[in-house]
*Asks:* 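Take a look at this one; I'll ask things after.
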Amino acid sequence: VTDIAPVHSLVAQVMVGLGTPDLLVASNASPHSFSLRPSQATALEQAQAVFWVGEGLTPWLEPLLDTLAPKAAQVELLHRPDTRTLAFREDDAFAADGHDHGDAHGHDAHEDIDPHAWLNPDNALAWLDVIAAELAALDPENAAAYAQNAQAAKDRLGATVSEIEATLAPSRDKTFIV
């Protein structure tokens, strides 16, 4: 089981040919104001592993993991040693993810770390290795396939980053507003 679509994409790439992870928060929903459906509770109860960004993004998930998925491997990605994070900026009323955060959902819970770490492709590269290792520990027979799938995903991501860097190179010294 995964919490959000970007994490789901990474886990699905590592699991390709071996299974498909369940997704809790659809890509058109906000993880900040999510409400679990019964079918999703069942998915958590049956999960062998739950991959999630962390409490800063989905604080509602942590207590559910303890009650619905106590035997599942709980893989919080935000606080992994190789995860690059940024400080959360309180003065950003309208965040990069397009949501007006204001004080509506209490960013104090973010512990001063911006939880939107999946936006950095370096984190995706690091997380692919974490995901492959966790799945290999749960399913040793397919460890080689998880490792190969993770490497293929890292290769695709590296090629995409290189393509984006080449496309943006002419604009490197220009000022722009986002």
Side-chain angles (χ1 to χ4, degrees), residues 1-15 21-36 40-41 43-44 47-70 72-135 137-138 150 153-154 156-158 160-161 164-165 168 172 176-178:
V1 174
T2 64
D3 60 350
I4 61 170
V7 173
H8 182 266
S9 173
L10 296 174
V11 175
Q13 289 178 74
V14 175
M15 291 180 67
D22 288 311
L23 172 65
L24 294 179
V25 182
S27 60
N28 62 349
S30 171
H32 300 292
S33 59
F34 178 74
S35 185
L36 194 70
Q40 294 163 319
L44 281 172
Q48 291 180 305
V50 179
F51 296 92
W52 63 308
V53 173
E55 185 180 10
L57 185 70
T58 53
W60 50 267
L61 184 54
E62 187 167 33
L64 294 176
L65 293 176
D66 293 338
T67 58
L68 295 177
Q74 299 174 14
V75 185
E76 183 181 8
L77 299 169
L78 186 61
H79 296 292
R80 292 284 171 173
D82 291 344
T83 299
R84 295 181 182 187
T85 60
L86 297 173
F88 179 74
R89 298 175 299 192
E90 285 295 328
D91 58 334
D92 290 348
F94 197 78
D97 63 1
H99 300 294
D100 181 4
H101 293 287
D103 290 332
H105 72 282
H107 261 81
D108 290 340
H110 292 269
E111 302 170 1
D112 296 327
I113 295 174
D114 185 339
H116 304 90
W118 69 86
L119 296 170
N120 182 338
D122 291 334
N123 289 336
L125 291 171
W127 294 352
L128 285 163
D129 287 335
V130 170
I131 293 163
E134 189 62 45
L135 291 172
L138 293 169
K154 289 168 71 174
R156 285 189 301 274
L157 181 57
T160 300
V161 168
I164 291 168
E165 288 173 349
L168 295 176
R172 184 171 310 279
F176 64 95
I177 298 173
V178 176

*Asks:* Hey, does Thr58 have a side-chain heavy atom less than 4.5 Å from the side chain of His32?
*Replies:*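 Side-chain contact under 4.5 Å: no.
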*Asks:* Determine whether Val7 and Val53 make a side-chain contact, defined as any pair of heavy atoms from C-beta on separated by less than 4.5 Å.
*Replies:*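 Yes; the side chains approach each other to less than 4.5 Å.
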*Asks:* Which of these, Val25, Asp3, Val1, Leu36, sits in a side chain to side chain contact (heavy atoms under 4.5 Å, CB included) with Leu61?
*Replies:*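 With Leu61 as partner, side chain to side chain contact (heavy atoms under 4.5 Å, CB included) holds for just one option, Asp3.
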*Asks:* Rounded at 0.5 Å granularity, tell me how far OG1 in Thr2 sits from CG in Leu10.
*Replies:*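 Between atom OG1 of Thr2 and atom CG of Leu10 there are 9.5 Å.
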*Asks:* Side-chain contact, heavy-atom cut-off 4.5 Å: Ile113 with His79?
*Replies:*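 Heavy-atom side-chain distance check passes, below 4.5 Å.
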*Asks:* If you compare all heavy atoms of Ala69 against all heavy atoms of Gln74, which two are closest, and at what distance to 0.1 Å?
*Replies:*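 Result for this residue pair: O-NE2, 3.3 Å.
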*Asks:* Give me the atom names and distance for the closest heavy-atom approach of Gln40 to Ser35.
*Replies:*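 Taking every non-hydrogen atom into account, OE1-O, 4.1 Å.
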*Asks:* So Trp52 and Leu65, do their side chains get closer than 4.5 Å, heavy atoms only?
*Replies:*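 SC-SC contact between Leu65 and Trp52 confirmed.
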*Asks:* Give the minimum heavy-atom separation between Asp22 and Ala43, together with the two atoms involved.
*Replies:*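 For Asp22 versus Ala43, the nearest heavy atoms are OD2-CB, 3.6 Å.
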*Asks:* Going by heavy atoms in the side chains, are Phe51 and Leu135 under 4.5 Å from each other?
*Replies:*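 Touching, per the 4.5 Å side-chain cut-off.
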*Asks:* Identify the heavy atoms of Gln13 and Ala153 that sit nearest to each other, and give their distance.
*Replies:*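 The answer is OE1-CB, 3.3 Å.
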*Asks:* Given 3.5 Å as the limit, does a donor-acceptor pair link the side chain of Ser9 with the main chain of Ala5, or not?
*Replies:*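 It does not hold such a pair.
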*Asks:* Looking at Val14 and Ala132, what are the two nearest heavy atoms and their distance?
*Replies:*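 Smallest heavy-atom distance, with atoms named: CG1-CA, 3.8 Å.
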*Asks:* Report yes or no: does Trp60 contribute a side-chain atom to a donor-acceptor pair with the main-chain N or O of Pro31 at less than 3.5 Å?
*Replies:*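 The answer is yes, because a donor-acceptor pair under 3.5 Å joins these two groups.
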*Asks:* So Leu86 and His116, side-chain contact (heavy atoms from CB on, under 4.5 Å) or not? Walk me through it.
*Replies:* CA-CA 9 Å; Leu86 297 173; His116 304 90; over 6 Å; no
*Asks:* Quiz question: by atom type and distance under 3.5 Å, do the side chains of Thr83 and Trp127 form a donor-acceptor pair?
*Replies:*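 The answer is yes; a qualifying pair exists.
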*Asks:* To the closest 0.5 Å, what do you measure between CG (Leu78) and CG (Asp114)?
*Replies:*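 If we round to the nearest 0.5 Å, Leu78:CG and Asp114:CG are 8.5 Å apart.
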*Asks:* State, with a plain yes or no, whether a side-chain heavy atom of Leu24 is found less than 4.5 Å away from one of Leu44.
*Replies:*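 They are in side-chain contact.
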*Asks:* Is the backbone of Ala126 close enough, under 3.5 Å, to the side chain of Asp82 for a donor and an acceptor to pair up by distance?
*Replies:*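 Not confirmed, Asp82 side chain does not pair with Ala126 backbone.
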*Asks:* About how many Å separate CZ of Arg84 and CG of Asp122, when rounded to the nearest 0.5 Å?
*Replies:*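 It comes to 4.0 Å.
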*Asks:* If you round to the nearest 0.5 Å, how far is CG of Leu125 from CG of Leu157?
*Replies:*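 One finds 4.5 Å between CG of Leu157 and CG of Leu125.
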*Asks:* Show the nearest heavy-atom pair for residues Leu68 and Pro70, with the distance to one decimal.
*Replies:*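 In this case the closest contact between Leu68 and Pro70 is C-CD, 3.3 Å.
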